[in-house]
Amino acid sequence: MTKKIAILPGDGIGPEVMAEAVKLLERLRKDFGLKIETETAPVGGTAYEAHKHPLPDATLKLAQQADAVLLGAVGGAQWDTLPRELRPEKALLRLRSELKLFANLRPAILYPQLAAASTLKPEIVAGLDLLIVRELTGDIYFGEPRGVRTLESGERQGYNTMVYAEHEVERVARVAFDAARKRRKKLCSVEKANVLETSGLWREVVLRVAKDYSDVELSHMYVDNAAMQLVRAPKQFDVIVTGNIFGDILSDEAAMLTGSIGMLPSASLDAANKGMYEPIHGSAPDIAGKGVANPLATILSVAMMLRYTLNEPPLAGKIEKAVSSVLDQGLRTGDIYTDGTKKVGTAEMGNAVVAAL
Ligand code: IPM
Ligand code: MG
């Protein structure tokens, strides 16, 4: 059966990196028998400009109907002063919650070819391969009440609510335990149970779920310590499971261990493994339109889509191999460039991956 993929290029470098992913999908369709059809729709600031809304109804509908969503990036300074509801980021948050994408998988893998591009010493990061499973539809991101109120004194006060129900913790914990089972069988749950009630309950639920996974070694870590351990000795981690806000922060930190945020894909999955796939690098307005952005994170997001939603792990493996082989050839976009390698642009990098397939 033909699977439908919603293509949402978005803002900044989104359309440039997405063009390379689309090239790749075309090749997989034509030459590797992948049964897919694609449909493109606007999202983020680009959608706001055209339709006065960052997530037009037609885009949401397409995303809901599709088997998988491939998203470039959203955001840009020119939209930062819009009311919160109309900002590009809101489109992303709404897609996550409307599609019930509660499990966000963010791998941080250091390609041996890029060890020199990391800001950390090679011996600290060489061979790094960790997976952050971030809860994506709960926590302080969506918690009510929220807002800015005026106190009796006339001073304004901002407030948000950190909140997790047991079922929300349980389902993301299961995704993380299952992932650990397929890897090195180690799971570290990260929270702030020494201070926060929400975290205390989180830990209780994780411990309960752990009874079904006696083959996985479970540990717990406070988020401040986890932030430190990630730069001190990141290879101690296999899978990390954490809440929405802690996961937002730690996944940026983990990404940087690998030298370039331009290399890292992500998957956001619902209970049936329908997913939205996106590079984690964001819209990078400073280099947008110059043809220099790194398309590999988006290309690797296609690989994740093939693995998790389209059930084509061999094709996913082929893409990952092709990426590794263009790195072996010494091709580098600016963000991962080091002395002695060959600097290429977005399209050249995308073409090289397609050729290496
Ligand atoms: C991310 C981003 C988003 C988030 C923003 C753009 C809303 O930082 O995907 O990590 O905070 O989740
Ligand atoms: Mg983030």
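Counting starts at 1 for both ligands and their atoms, in listed order.
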Tell me, which N, O or S atom in Asp248 is closest to the Mg ion (ligand 2)? OD1
Considering Arg96, Lys90, Glu89, which one's heavy-atom position lies nearest to atom 3 (C) of ligand 1? Arg96
Tell me, please: is Arg106 in heavy-atom contact with ligand 1, that is, under 4.0 Å? yes
Tell me, please, whether Tyr213 has Lys211 positioned over its six-membered ring: NZ or CZ under 6.0 Å from the ring centre and within 45 degrees of its axis? no
Can you get from Met276 to Ile319 by hopping between Ile, Leu, Val, Met, Phe, Trp and Tyr side chains that sit under 4.5 Å apart? no
So, is the end of the Arg134 side chain (NZ or CZ) under 6.0 Å from the ring centre of Phe246 and within 45° of the ring's axis? no
Which one holds for Arg134 and ligand 1: side chain close, backbone close, both close, or neither close, with close meaning a heavy atom under 4.0 Å? side chain
Compute whether any side-chain donor of one residue and acceptor of the other, for Thr309 and Asn273, lie under 3.5 angstrom apart. no
Smallest heavy-atom separation, Phe142 atom then Leu93 atom, equals CZ-O, 3.6 Å
Can you report which non-hydrogen protein atom sits closest to atom 4 (C) of ligand 1, along with the distance? Tyr141 OH, 3.4 Å
Give me the residue, atom name and distance of the protein heavy atom closest to atom 10 (O) of ligand 1. Asp248 OD1, 2.9 Å
